[in-house]
Q: 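First, the structure itself, so that you have it in front of you.
We count residues from 1, following the sequence as given.
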Amino acid sequence: AVLVGGYIVFGSNTPINQQIVLYLFARVAMGLGKSILKARAIEAPSQTFSIFAALVWAAVMWLFYEERDTLQSSLTRSMEYLYINADTFTDLRSFLWHNI
C-alpha cells in the first residue's frame, strides 16, 4: 500500500517531487548504512563521514567536468559560478552584487 501511495503522490517527475524524493533517498541511505553497522555490532570508523564527503565531492566534481549535462541545472549553475566565473567581474557593482 505504501509503495502504491508513493507512486501516486510522488510518481510525477516534477522539480518539487525530485527535491522531496532526493532528500528522502539521502536520509534512507544514511539510515540503511547505520542499520548495517548496528546489525553487525561494529562501530563506524572515526573517519567514515569524512571519507563519504570526499567521495561525494569527488563524484560531483568529476560529473561537473566530464558529464555536466547529467547534473541538475541549479547545481550546474552554482558550480559554474564557483569554479568558472567567480573571479570575473566587470566593475565594483557586479563584484558586490554577485559576491556579497
Side-chain angles (χ1 to χ4, degrees):
V2 177
L3 180 69
V4 173
Y7 181 82
I8 291 170
V9 174
F10 298 109
S12 299
N13 191 5
T14 66
I16 292 174
N17 283 352
Q18 281 183 1
Q19 290 297 315
I20 292 169
V21 171
L22 288 173
Y23 175 83
L24 291 173
F25 177 79
R27 297 299 185 251
V28 168
M30 291 293 289
L32 289 173
K34 288 179 181 181
S35 179
I36 290 169
L37 291 173
K38 184 178 172 183
R40 295 193 177 169
I42 61 172
E43 290 189 32
S46 62
Q47 298 299 318
T48 301
F49 184 78
S50 299
I51 294 167
F52 174 70
L55 290 171
V56 169
W57 196 248
V60 76
M61 292 303 289
W62 181 84
L63 285 169
F64 178 68
Y65 283 107
E66 300 296 330
E67 302 285 340
R68 191 173 300 183
D69 61 320
T70 63
L71 295 172
Q72 285 188 322
S73 61
S74 60
L75 177 59
T76 301
R77 285 192 304 274
S78 296
M79 299 287 287
E80 285 173 349
Y81 174 74
L82 289 171
Y83 293 100
I84 297 172
N85 302 326
D87 58 350
T88 305
F89 57 93
T90 56
D91 57 18
L92 185 59
R93 181 174 182 243
S94 66
F95 172 75
L96 293 174
W97 177 258
H98 293 291
N99 293 304
I100 295 181

Q: Cluster partners of Val2, using ILVMFWY side-chain heavy atoms under 4.5 angstrom, listed by chain and number?
A: none

Q: Which atom pair, heavy atoms only, marks the closest approach of Thr76 to Phe64?
A: O-CE1, 4.0 Å

Q: How long is the straight-line distance from NZ of Lys34 back to CD1 of Ile36, given to the nearest 0.5 Å?
A: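 Ile36 atom CD1 to Lys34 atom NZ measures 13.0 Å (nearest 0.5 Å).
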
Q: To the closest 0.5 Å, what do you measure between CE (Met79) and CZ (Arg68)?
A: 8.5 Å

Q: Is Leu32 isolated, or which residues cluster with it under the ILVMFWY side-chain rule of less than 4.5 Å, directly or via members?
A: Val28

Q: Say whether Leu63 and Val56 are linked into one hydrophobic cluster, either directly or through other cluster members, by side-chain heavy-atom distances under 4.5 angstrom.
A: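 No; Val56 is not reachable from Leu63 via cluster members.
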
Q: Is Ile51 reachable from Phe49 through a run of hydrophobic residues whose side-chain heavy atoms are each under 4.5 Å from the next?
A: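 Looking at the clustering, Ile51 is in a separate group from Phe49.
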
Q: Could you tell me whether Tyr83 atom OH has more than 12 heavy atoms of other residues or ligands within 6.0 Å of it?
A: yes

Q: Treat each ILVMFWY residue as a node, draw an edge where side-chain heavy atoms are under 4.5 Å apart, and state whether Ile20 and Tyr7 are in one component.
A: no

Q: In chain order, what residues pass the side-chain contact (heavy atoms from CB on, under 4.5 Å) check against Ile8, with sequence neighbours excluded?
A: Val4

Q: Could you work out, with side-chain contact (heavy atoms from CB on, under 4.5 Å) as the rule, every residue matching Thr14, not counting sequence neighbours?
A: Ser12, Ile16, Asn17

Q: Within a radius of less than 6.0 Å around CD1 of Ile84, do more than 12 heavy atoms belonging to other residues, nucleotides or ligands occur?
A: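 Counting neighbours around CD1 of Ile84, more than 12 heavy atoms of other residues, nucleotides or ligands fall under 6.0 Å, so yes.
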
Q: If Ile, Leu, Val, Met, Phe, Trp and Tyr residues are connected whenever their side-chain heavy atoms lie under 4.5 Å apart, and connections chain through other members, are Val60 and Phe52 in the same group?
A: no

Q: Should Leu75 and Tyr81 be counted in the same cluster of Ile, Leu, Val, Met, Phe, Trp and Tyr side chains packed under 4.5 Å apart?
A: yes

Q: Name all residues meeting the side-chain hydrogen bond (donor to acceptor under 3.5 Å, both in side chains) criterion together with Asn13; count only those two or more places apart in sequence or in a different chain, and write none if there are none.
A: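 With sequence neighbours excluded, Asn13 shows a side-chain hydrogen bond (donor to acceptor under 3.5 Å, both in side chains) to Gln18, given in chain and number order.
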
Q: Counting only N and O atoms by type, is there a donor-acceptor contact under 3.5 Å from the side chain of Ser78 to the main-chain atoms of Ser74?
A: yes

Q: Does any pair with a residue in residues 55-67 pass side chain to side chain donor-acceptor pair (under 3.5 Å), and if so which ones, sequence neighbours excluded?
A: none

Q: Taking everything shown except Met61 itself, do over 12 heavy atoms lie less than 6.0 Å from its CE?
A: yes

Q: Can you name the residues that form a side-chain contact (heavy atoms from CB on, under 4.5 Å) with Ser73, not counting sequence neighbours?
A: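 Checked Ser73 against side-chain contact (heavy atoms from CB on, under 4.5 Å); matches are Arg77.
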
Q: Excluding sequence neighbours, so at least two apart, what forms side-chain contact (heavy atoms from CB on, under 4.5 Å) with Thr48?
A: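 Here the qualifying residues are Ala44, Pro45.
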
